[in-house]
Amino acid sequence: MSWPILLGLAVGLLLVLLFLGVRVFVGFLILNLIGVLVLIGPRGFGLFTNSLFETATSPSLMTVALFVLMGEVLFRSGSVDILFDSVDRLIGGLRGRLYVVTIGLSTVFGALSGSAVAVAAMLGRSVLPMMEERGYSRRLSAGTILAGASLAPIIPPSLVAILVGSLADVSIAGLLIAGLVPGLLIAGITLAYVLLRMGRADVERPANTTGTARRAALRLSPFLLVIFSVMGMIILGIATPSESAATGVLGALIVAAIFGKLRLGMVMEAVSGAVRTTVVILIIVASAKLFSQLLSFAGATRGLVSMVSDLGLGPELTFLVMMAIPFILCMFIDWLAFMLLAIPIYQPIVTAMDYDPIWFWTLFMINLTVGSMTPPFGYTLFALKGANPSLSTGDIFAAAWPVVGIFLSAMAVLWAAPWLVTILPGLLR
Amino acid sequence: MNAVWRAHDATSQALFALAGVALITATGLYLFEVTARYIFNAPTTWSNEAVQYCLAIIVFGALPEATRGLAHVAIDIVPTSLPPRIAGPLMRFNAALASVACGASAWIATREALRQFDRGLMTNAAHPIPRWWITAIIAFGLASAALHFLRHAADRAR
């Protein structure tokens, strides 16, 4: 059987299983078990076990567990509430200030958490009711929260960056740092959009006036320790990304202690939550790992590269096609499942087209983030709806489209000016 | 039979707790390594390897408990939009299919662990340990998850 038929059958089988509601990791297990039997036979079972073994003992994937733990400590200790109050106070009495607070807060959260779903749920519970109560536009508020939450997988630490880096064999440190400028760019564009779209209803309401701005800045300062523990350690070359995740956990514990919120029960809950999230993510990665080897074995890797070369689309059009596919597919399937399916297929094409890997995979990462907030099936949308059930699905969908536009505009900028992505990773080299 | 299921649940919870200990240990090991390397200029050769084994315990040790709580990611748009008389059997089928997939994977991993044990294979590391130790954790995690999926399928059938 030729590789295009095999690849088509494999992708088709996986999509059917996923749409039937089969657990994502089970879908990949079935795909790989059948793939091994068809392509290699029972003697390939050793390869199957080895792929699980290699993933389960990959030090770079420990970074996922540790970043999740860091976020859990910050959220469960209530340190983020102090962050919210301080940012709220510092923003002051602007018109439509809660929009600005949300974007500012999300940017800082992005540097403290790698999960859009977690930030959307948190902001949906805390900020959105406040915005509604004060008469802010419901759709613009939801859109601002969606945009803000979607900064988390882009601004380091980013779980997506670690997974992409380890699967695509790209520098994880480089990918992590590369997200910083694009994240700030998107935050800036979102802010400009919100300020332009703000209506008369979004008038200024009394600001949080508890405490002085200096006190707010002082209370914000311990969070710099967490950001330094992660990004500073990587940039200074003191720690590897995995080690910096551990120093980030220590930083988060110190912050909790500074605010008097360090309790054994809280730490245990954070560890339990982190283990649960980690196993859910990494079992999918472990189950999918063999797929890339099977693609090579079937000749699909080589075949794809020569097919793309023969099409003669050129690097620009090829790039556009490679970005359009995740944009469309991630509307319907889980971003993690898509990522695990796509990376082995994309990786040889990225090399053949001579794209800068950090630049390409950063844009791919942003694209995945867009996919998870694009109606009808984006995870971030569901997280916001779950956190604030009073929001109608129609409101959330209507709020999401302009945000999708903002992210696509930012991607266009990053495509035209690749140095915005590569400048910081360049400092690591 | 209930005693068997209770023992199965207790084992899953104990392994989940062990996964938590492994996560705390890994955090401590990395912090120790950074301190040893940058403050005492004495990098270790074993901490990174120990962290790797911790990760295997986290992923496959916590797998049964995550499966017991049905915490795994699924795209449930189709099952939740179907009428209950179709969605019920579909969910049952999905759980049974998951049980078969995890069971088959566990069987393959067990055979591989036995082969590694027979041949005395060690990990490729500065401080090698028997490879079957890790493979056995993988096999046990998958087998226990297969049993949980089977129980979910049976529960839905009732």
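Here is the naming used below: chain letters follow the sequence lines, and residue numbers restart at 1 for every chain.
Neither the backbone nor the side chain of B:T80 comes within contact range of chain A, judged by heavy atoms closer than 4.5 Å. Contacts between B:R37 and chain A at a heavy-atom distance below 4.5 Å involve the side chain alone, from C-beta outward. Heavy-atom distances place the side chain of A:F48, and not its backbone, under 4.5 Å from chain B. Interface residue B:I138: only side-chain heavy atoms are found under 4.5 Å from chain A. Looking at B:I24, the atoms closer than 4.5 Å to chain A (heavy atoms on both sides) all sit in the side chain, from C-beta outward. For a residue to count as touching a neighbouring chain, one of its non-hydrogen atoms must lie under 4.5 Å from one of that chain's; by this rule A:S242 touches chain B with backbone and side chain alike. Of the two parts of A:T247, the backbone and the side chain both hold a non-hydrogen atom closer than 4.5 Å to a non-hydrogen atom of chain B. In this structure, the portion of A:L33 lying under 4.5 Å from any heavy atom of chain B is its side chain and not its backbone. Interface residue A:L61: backbone and side-chain heavy atoms are both found under 4.5 Å from chain B. For B:F149, the part lying near chain A is the side chain, with the backbone staying farther off; criterion is any non-hydrogen pair under 4.5 Å. Neither the backbone nor the side chain of B:I57 comes within contact range of chain A; no heavy atom of the residue lies under 4.5 Å from a heavy atom of that chain. With a 4.5 angstrom heavy-atom cutoff, A:L69 touches chain B only via side-chain atoms.
Between the CD atom in B:E49 and the OG1 atom in A:T57 there is a gap of 11.0 Å [rounded to 0.5 Å].
Taking the six-membered ring where tryptophan is involved, the planes of A:F291 and A:F28 are perpendicular, since the angle between them exceeds 60° and thus also 30°.
Listed options B:Q116, B:E33, B:Q52, B:R111 were ranked by heavy-atom pairs under 4.5 angstrom with chain A; first place goes to B:Q52. Of the listed residues A:N32, A:V267, A:L52, the one with more heavy-atom pairs under 4.5 angstrom with chain B than any other is A:L52. Between chain B and the options A:T277, A:V249, A:L29, heavy-atom pairs under 4.5 Å are most frequent for A:L29. Interface remark: of the candidates B:A62, B:A113, B:A145, B:A62 forms the most heavy-atom pairs closer than 4.5 Å to chain A. When each of B:I108, B:I134, B:T135, B:T27 is scored by its heavy-atom pairs under 4.5 Å with chain A, the top score falls to B:I108. The most heavy-atom pairs under 4.5 Å with chain A, out of B:Y38, B:Y53, B:F60, come from B:Y38. The most heavy-atom pairs under 4.5 Å with chain B, out of A:A239, A:S272, A:A65, come from A:S272. Counting heavy-atom pairs closer than 4.5 Å to chain A, the top-ranked of the candidates B:V34, B:I137, B:V21 is B:V34.
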> Which is it for B:E112 and B:R119 under the salt bridge (Lys or Arg N to Asp or Glu O under 4.0 Å) test, yes or no, and what are the steps along the way?
Replying inline: CA-CA 11 Å; B:E112 185 63 16; B:R119 295 192 178 181; over 6 Å; no

>> Assess the residue pair B:H152 and B:R92 against the criterion (side chain to side chain donor-acceptor pair (under 3.5 Å)); give the C-alpha distance rounded to whole Å, side-chain angles, the decisive distance to 0.1 Å, and a yes or no.
In response: CA-CA 8 Å; B:H152 284 306; B:R92 203 159 57 239; over 6 Å; no

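Heavy atoms of other residues, nucleotides or ligands lying less than 6.0 angstrom from CZ of A:F327 number more than 12. Atom CG of B:D118 sits in a crowded spot, with more than 12 heavy atoms from other residues, nucleotides or ligands closer than 6.0 Å. For B:F93, the CZ atom counts as loosely surrounded, since its 6.0 Å shell holds 12 or fewer non-hydrogen atoms of other residues, nucleotides or ligands.
No side-chain donor-acceptor contact under 3.5 Å links B:S47 to the backbone of B:T44.
Proximity of A:M62 to B:I58: side-chain heavy atoms (C-beta onward) are separated by under 4.5 Å at one or more points. A heavy-atom distance below 4.5 Å is not found between the side chains of B:T110 and B:F140.
Residues A:T240 and B:Y30 have side chains that never bring a donor and an acceptor to within less than 3.5 angstrom of each other.
The shortest non-hydrogen separation linking A:I396 to A:L381 is CG2-CD2, 3.7 Å.
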